[in-house]
Amino acid sequence: RAQSFAREDEVMLPLALFLGFLLIPVLEIYVIIQVGQLIGGWPTVALLLAESLLGAWIVRREGRRAWRALTDALVRGTVPDRELADAALVLVGGALLLTPGFVTDVAGFLFVIPFTRPVVRRLLAAYVGRRIRITQRRMSEMFPPGAGGGPYRPHDGARAAGNGGDDPGPVIRGQVIHEDKDP
């Protein structure tokens, strides 16, 4: 069962990335064509350019604000968890806004705009927390408590070396060399 979990993860992430890199450009082209048919070609290009300029301005402003908040948190000596998340969201949002297209611009604006960023941050934190719980559950199924110490259980060489099995770490045979200090 543990091997099936590993296989699922090994297959799902590359498949999701492949589909993302394949489907997002197709979706972007489709939306651009639809908007172009609705408002015309040149207005569509002007709208994409206006989104890019507005996005660059917002990213610059919010990037400065996120950097200032991060440095302030470090100066105060507090853990900058929210500040780091905001800086990462502004960075990813800026990259999405630089990508031409309406779909990536909408996602980029959600990551960058100050009143939508906390919602995205909470959703992302919930997703990461759920992934951590799933990983912990999988690890506890793969290495149940009291089943010989998991992947770091002592090997026969540790007991044979006179360790008696008290220290579960591996025994590395070697020679201790003391360097002579110059007087």
Side-chain angles (χ1 to χ4, degrees), residues 1-28 31 47-153 167-170:
R1 182 172 166 100
Q3 290 176 346
S4 69
F5 287 140
R7 286 191 193 118
E8 287 173 13
D9 287 345
E10 289 173 5
V11 171
M12 292 306 293
L13 183 61
L15 180 63
L17 287 174
F18 174 74
L19 289 176
F21 282 115
L22 181 69
L23 294 179
I24 289 176
V26 171
L27 180 64
E28 287 287 7
V31 171
L47 184 58
L48 285 170
L49 184 61
E51 281 182 351
S52 294
L53 292 174
L54 177 63
W57 178 75
I58 292 174
V59 166
R60 185 175 176 181
R61 188 187 75 185
E62 292 304 313
R64 283 184 186 154
R65 187 178 290 173
W67 181 257
R68 212 172 302 118
L70 181 61
T71 55
D72 288 347
L74 291 174
V75 166
R76 286 190 315 266
T78 60
V79 178
D81 52 356
R82 185 184 64 80
E83 292 83 2
L84 278 173
D86 279 349
L89 287 173
V90 169
L91 181 69
V92 171
L96 289 171
L97 287 168
L98 288 176
T99 305
F102 293 111
V103 177
T104 53
D105 284 349
V106 168
F109 280 123
L110 287 174
F111 283 25
V112 172
I113 294 176
F115 56 86
T116 59
R117 193 177 332 125
V119 174
V120 173
R121 186 180 52 231
R122 281 193 294 273
L123 290 172
L124 186 62
Y127 172 76
V128 169
R130 186 175 45 124
R131 292 299 304 168
I132 288 172
R133 286 189 300 277
I134 289 170
T135 302
Q136 286 175 337
R137 181 179 48 82
R138 288 178 181 174
M139 289 295 112
S140 67
E141 289 175 3
M142 289 172 65
F143 307 108
Y152 303 107
R153 60 183 163 267
D167 183 8

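Values in this document were obtained by computation on a predicted structure and should not be read as measured data. Values below: every heavy atom of this structure, side chains too, minus hydrogens, waters and symmetry copies.
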I'd like a table of donor-acceptor pairs (distance under 3.5 Å, sequence neighbours excluded) in which one partner is a side-chain atom from residues 83-96, with atom names and distances.
| from | atom 1 | to | atom 2 | distance (Å) |
| --- | --- | --- | --- | --- |
| Asp86 | OD1 | Arg121 | NH1 | 2.3 |
| Asp86 | OD2 | Arg82 | NH1 | 3.2 |
| Asp86 | OD2 | Arg121 | NH1 | 3.0 |

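- Under a cut-off of 6.0 angstrom, the local environment of CZ in Arg60 is sparse, with at most 12 non-hydrogen atoms contributed by other residues, nucleotides or ligands.
- Put simply, CG on Asp105 and CG on Leu54 are 9.5 Å apart, with the number rounded to the nearest 0.5 Å.
- Side chain of Thr99 to backbone of Thr104: no donor-acceptor contact under 3.5 angstrom is found.
- With values rounded to the nearest 0.5 angstrom, Met142 atom CE is found 10.5 Å from Thr135 atom OG1.
- Under the 4.5 Å side-chain criterion, counting only non-hydrogen atoms from C-beta, Glu51 is in contact with Leu48.
- Atom CG of Leu97 sits about 7.5 Å away from atom CD1 of Ile58, to the nearest 0.5 Å.
- In this structure, Arg130 and Arg133 have side chains that are in contact, with non-hydrogen atoms separated by less than 4.5 Å.
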Report all side-chain donor-acceptor pairs from residues 14-25 shorter than 3.5 Å, counting only partners two or more places apart or in another chain.
none

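- Note on Arg65 versus Glu62: salt bridge recorded, some NZ/NE/NH1/NH2 to OD/OE distance being below 4.0 Å.
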Enumerate, atom names and distances included, each donor-acceptor pair closer than 3.5 Å involving a side-chain atom of residues 107-116, sequence neighbours excluded.
| from | atom 1 | to | atom 2 | distance (Å) |
| --- | --- | --- | --- | --- |
| Thr116 | OG1 | Leu110 | O | 2.8 |
| Thr116 | OG1 | Ile113 | O | 3.2 |

